[in-house]
Amino acid sequence: MNLLVTGGCGFIGSNYIHYIFNTFSDITVINIDKLTYAGNLLNLQAIEKKYGGTRYFFEHADIANADAVNSIFEKYDIDAVVNFAAESHVDRSINDPSPFITTNVMGTQVLLTAARNAKIERFVHVSTDEVYGDLSLDDPAFTEETPLHPSSPYSASKASADMLAYAFYRTYGYNVSITRCSNNYGPYQFPEKLIPLIFTLASADKPLPVYGTGMNIRDWIHVSDHCKGVHLTLMKGKAGKAYNFGGNAERTNLEVIRTILHDLDKSEDLITFVQDRPGHDRRYAMNYSLAQKELGYEPEYSFERGIKETLNWYKKNTDWLKDVQSGAYLEFMKKWYGNN
Ligand code: NAD
Ligand code: TYD
């Protein structure tokens, strides 16, 4: 199978490409990435070295650029698309929603149109639990039937993309499925997101910014469980359907932060309560029984095992962290791909 992956240089996309090469010997990957601040070629250096030009091909392109996307569909004999590419950070979307609409909404539309025109048989669109809005403490977990009710410009853009995917199924009968997953953690996550951010700051004995009371709840899933869920959806998911994925690990932000502090043997005095995020979702929780029943999905990681392994990965990969923080990796990428 020739698989087109978008956003493969980001956190989840690069973990997915690693998962593909570690698990299958008969899949070729074409990775389209715009290399925004979140896209990092270092994440796939080992894959590029081993499989570059034979089973792995990188295309530096923007999914919202129809000409570029169409020419990639012409160049390769693609069987299926998995769309990870997105602007993904809620706080950035609050500062400036515009790139979120361009990439997450228009980019998805361009990609769906190009894939359908090129008669690509299968398309998986990677979405998020955030499209459902939030839950109170005693609400049941989100199901795929929960109405979409997004809170932030980020989640509104993801919900819009989901609606386009549904429309392509309903209007054109296009074979597209949607995955919706809770908060991921694991190797290669950019240190603007809670877990790598707290690791980085606490390691340097810097204050840890906790929004509001720190009592907001997220369901945490190890990225490798999410990657398996995405691949099961690609292989077994039904057209026009969305599948929820969760990690069975609802934790308050304070619980997560204390776990990290305990592991690093750092003082809780570093915790610093700061002004809350506007529109901050109270709680996310996932009912993923549909994925269990139809896809055979089951998360393998407990939060305790996953966070331990993840923190160990960050401790071992301080160079990676330093590079993504210093911008050295941007220099590295410029050398290979220029300034565009
Ligand atoms: P990320 O920000 O780490 O990576 C995004 C990648 O997309 C980067 O490599 C970036 O360069 C690339 N990209 C951005 N705009 C692009 C464009 N216009 N064209 C081509 N490439 C572009 O994000 P992530 O955390 O890996 O998330 C991947 C997907 O999973 C997103 O669709 C996100 O909404 C979804 N998701 C994320 C989480 C999470 O906890 N991180 C949870 C559920 C769903
Ligand atoms: P984040 O990693 O940004 O993911 P999301 O907003 O998509 O869930 O944030 C996870 C939780 O941590 C969320 O409730 C916001 C909170 N948070 C902080 O308290 N301080 C921070 O500096 C960040 C980045 C997040």
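All values below come from the heavy atoms of this structure, side chains included, with hydrogens, waters and symmetry mates left out. In listed order, ligands and their atoms are each counted from 1.
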Taking N or O atoms only and a 3.5 Å limit, does [X] qualify as a polar contact for ligand 2?
{"X": "L194", "answer": "yes"}
{"X": "E130", "answer": "yes"}
{"X": "P209", "answer": "yes"}
{"X": "Y211", "answer": "yes"}
{"X": "N216", "answer": "no"}

Verify the cluster assignment for L321 and Y37: are they in a single hydrophobic cluster under the rule of side-chain heavy atoms below 4.5 Å apart?
-> yes
Under 4.0 Å from ligand 1, residues with heavy atoms, in chain and number order, are G7, C9, G10, F11, I12, D33, K34, L35, T36, A38, G39, A61, D62, I63, F84, A85, A86, S88, T103, V126, S127, T128, Y154, K158, C181, S182, N183, N184
Residue and atom name of the nearest protein heavy atom (relative to [atom]), distance in Å to one decimal:
{"atom": "atom 24 (C) of ligand 2", "answer": "E192 O, 3.4 Å"}
{"atom": "atom 16 (C) of ligand 2", "answer": "N253 ND2, 3.4 Å"}
{"atom": "atom 15 (C) of ligand 2", "answer": "H280 NE2, 3.4 Å"}
{"atom": "atom 4 (O) of ligand 2", "answer": "N183 ND2, 3.4 Å"}

Expected output: side-chain R122 to main-chain N175 donor-acceptor under 3.5 Å: yes
Quick one: sort the H60 and F58 rings into parallel, tilted or perpendicular, breaks at 30° and 60°. parallel
Yes or no on side-chain contact (heavy atoms from CB on, under 4.5 Å) for H226 and Y16, after CA distance, side-chain angles and deciding distance?
CA-CA 9 Å; H226 182 197; Y16 180 68; over 6 Å; no
Correct closest heavy-atom pair for L232 and L295 would be CD2-O, 3.5 Å
